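No experiment lies behind these values; they were computed from the predicted model shown. In listed order, ligands and their atoms are each counted from 1. In what follows, every heavy atom counts, from backbone to side chain, and hydrogens, waters and symmetry copies are set aside.
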Amino acid sequence: MKKNFDMPTEEFKKYGHELIDWIADYLKNIDKYPVLSKVSPNSIINNLPKKPPEIQEEMSNIINDFKKIIIPGITHWNHPGFMAYFNSTASSPGILGELLSAALNINGMLWKTSPASTELEIVTINWIRQMLNLPSNFFGVIYDLASISSLHAIATAREAAKELYNNYDIKKLRIYGSEEAHSSIEKGIKTLGLESSAFVKIKVDKNFSMKSNDLKKEIIKDFKNGLQPFCVVGTFGTTSTASIDPIKNISKICKEYNLWFHIDAAYGGSAAIIKDIRSYLDGVEYAQSIVINPHKWMFVPIDLSILFTTKADLLKRAFSIVPHYLKTNEDNEVINFMDYGIQLGRRFRSLKLWFVIRYFGSKGLQNIIGYHIQLAKIFAKHIDNDKIFIRLAPVYFSTVTFRAIPSTIIDEKELDNFNKNLIEEVNNTGKIFLSHTKVNNIFAIRLVISGIRTTQKEMENAWKLLKKKCKILEKEFL
Ligand SMILES: *Cc1c(COP(=O)(O)O)cnc(C)c1O
């Protein structure tokens, strides 16, 4: 009788080596791939069998199909020309860490179920805390995504509200964020069962930064109306324009009214390891929670998000349920991360973070991120020096928001269409991938430089393509 049903060791080695070689060549030649996948909807589905295979298939066939069917349907986030959304790229040490984590396949729900997972998480989070210059009373926990980190932060803020109001009423809770806040905040509010009116959107100024005077006014008004303000979400690097809310002012207001201050720094947080950028985050020491995504701009393969909070006890109270079978002898001496969130099981995510921080060092990471910011500033200068393109927001990080305004087009709708076509034309080259947003209800182009393989060459190429395609489109519009 066969005892071990898994792939034989020799076969694993053969294909393991083959795939590492494939990955190495893939990363080396990645700029030869079109950054944006060109497949049409359902083409992958139509190329795959409708029924699962009944009998064993050859590994070589599986790998061949991966190359033939799956790869064409890949949009290459690791591509140096990927400048859409907030790019997340996987560095090679991060990929190796992820590989080992897949091989170990531990579940870090309890300290006991893999002590190294819990302890490496504590150590790496502590490193990141120091790199961000956060006070030592910030406790950290790794989740998959910023959406989930913010959900936990809001749930914990709600826990705090139960102490704040002796006539606590979930229907009366109010939480504030700017109109530029990320959609994950509203999703979190929905998920937690708060009223749809619970989210109060505060207007932004011309730099897309929350008007803190308006915030204060809304809070006072809501108190007057018998509502129960409990939380303010500030954003450090908004999605559309990467703008920064006035962290210091908001923290003062939160302190004055005893509200939870959560900072969504999913993208911008990584850059706060640089001194100049960190200064915009002053006031964070009065916040109760902050989320950053090392998978976004710290070259850790997706997914890895860190939530820091000064109220670990409340976070635990909001989520901890320990059934008999999960009690251990060490419960009083250790952290069991299952107590700090919705999920029981946890992947060994800190391993890839550890690899990345050690391989590059904090100085190395500062250098790479600093370089990205520098490139974005050069790109912004190209825009500013141009007659047709205009910039729509300040550049604090590595995100530039802009659009083209050819002199021949006056109609707003036509301008929107022109810019839409322009993005399409640039993206169709397969060299550069840009995305769009709406700024003051205007269609805008967004360019983000945060990929570990992106250099000045790709940035200049993006600019060249924009100019070239713009010229061609202008002629067509005449
Ligand atoms: C990307 C982003 C999010 C969502 O991040 P996920 O990790 O994909 O959930 C939330 N807020 C901001 C500001 C972001 O940039």
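Counting heavy atoms of neighbouring residues, nucleotides and ligands inside a 6.0 Å radius, atom NE2 of His382 exceeds 12 of them. A 6.0 Å sphere centred on OH of Tyr359 holds no more than 12 heavy atoms belonging to other residues, nucleotides or ligands. Within a 6.0 Å sphere centred on OH of Tyr85, other residues, nucleotides and ligands contribute 12 heavy atoms or fewer.
Considering backbone and side-chain N/O of Ser147, one or more are found under 3.5 Å from N/O of ligand 1. Among the atoms of Asp264, some N or O lies under 3.5 angstrom from an N or O of ligand 1. Considering backbone and side-chain atoms alike, Gly237 places every N or O at 3.5 Å or more from each N or O of ligand 1. At a 3.5 angstrom cut-off on N or O pairs, Thr235 does not count as close to ligand 1.
Regarding atom 6 (P) of ligand 1, its nearest protein heavy-atom neighbour is Ala146 N, 3.6 Å. Ranking protein heavy atoms by distance to atom 4 (C) of ligand 1, first place goes to His182 CE1, 3.4 Å. Here the protein heavy atom with the shortest distance to atom 8 (O) of ligand 1 is Leu145 CD2, 3.9 Å.
Between His262 and Ser289, the side chains place a donor N or O and an acceptor N or O closer than 3.5 Å (distance only, hydrogens not considered).
The aromatic rings of Phe86 and Tyr267 lie parallel to each other, with less than 30° between the two planes, well short of the 60° mark. Ring geometry, Phe223 versus Tyr165: the interplanar angle falls from 30° to 60°, so the pair is classed tilted.
Remark: Arg349 is not positioned above the aromatic ring of Tyr143, lacking an NZ or CZ atom under 6.0 angstrom from the ring centre and at most 45 degrees off the axis.
When heavy-atom distances to ligand 1 are checked against a 4.0 Å cut-off, Asn293 comes that close only through its side chain, counted from C-beta outward.
Ser305 does not count as a contact of ligand 1, since none of its heavy atoms falls under 4.0 Å from the ligand.
Of all the atoms in ligand 1, the ones that sit under 4.0 Å from a non-hydrogen atom of Ser184 are 10 (C). Shown in contact with Phe86 at under 4.0 Å from a heavy atom are these atoms of ligand 1, numbered in order with element: 15 (O).
Taking each of Lys187, His295, Glu180, Lys296 in turn, the one with a heavy atom nearest to atom 2 (C) of ligand 1 proves to be Lys296.
Only one option out of Asp205, Thr238, Thr235 pairs with Ser243 in a side-chain hydrogen bond (donor to acceptor under 3.5 Å, both in side chains); it is Thr238.
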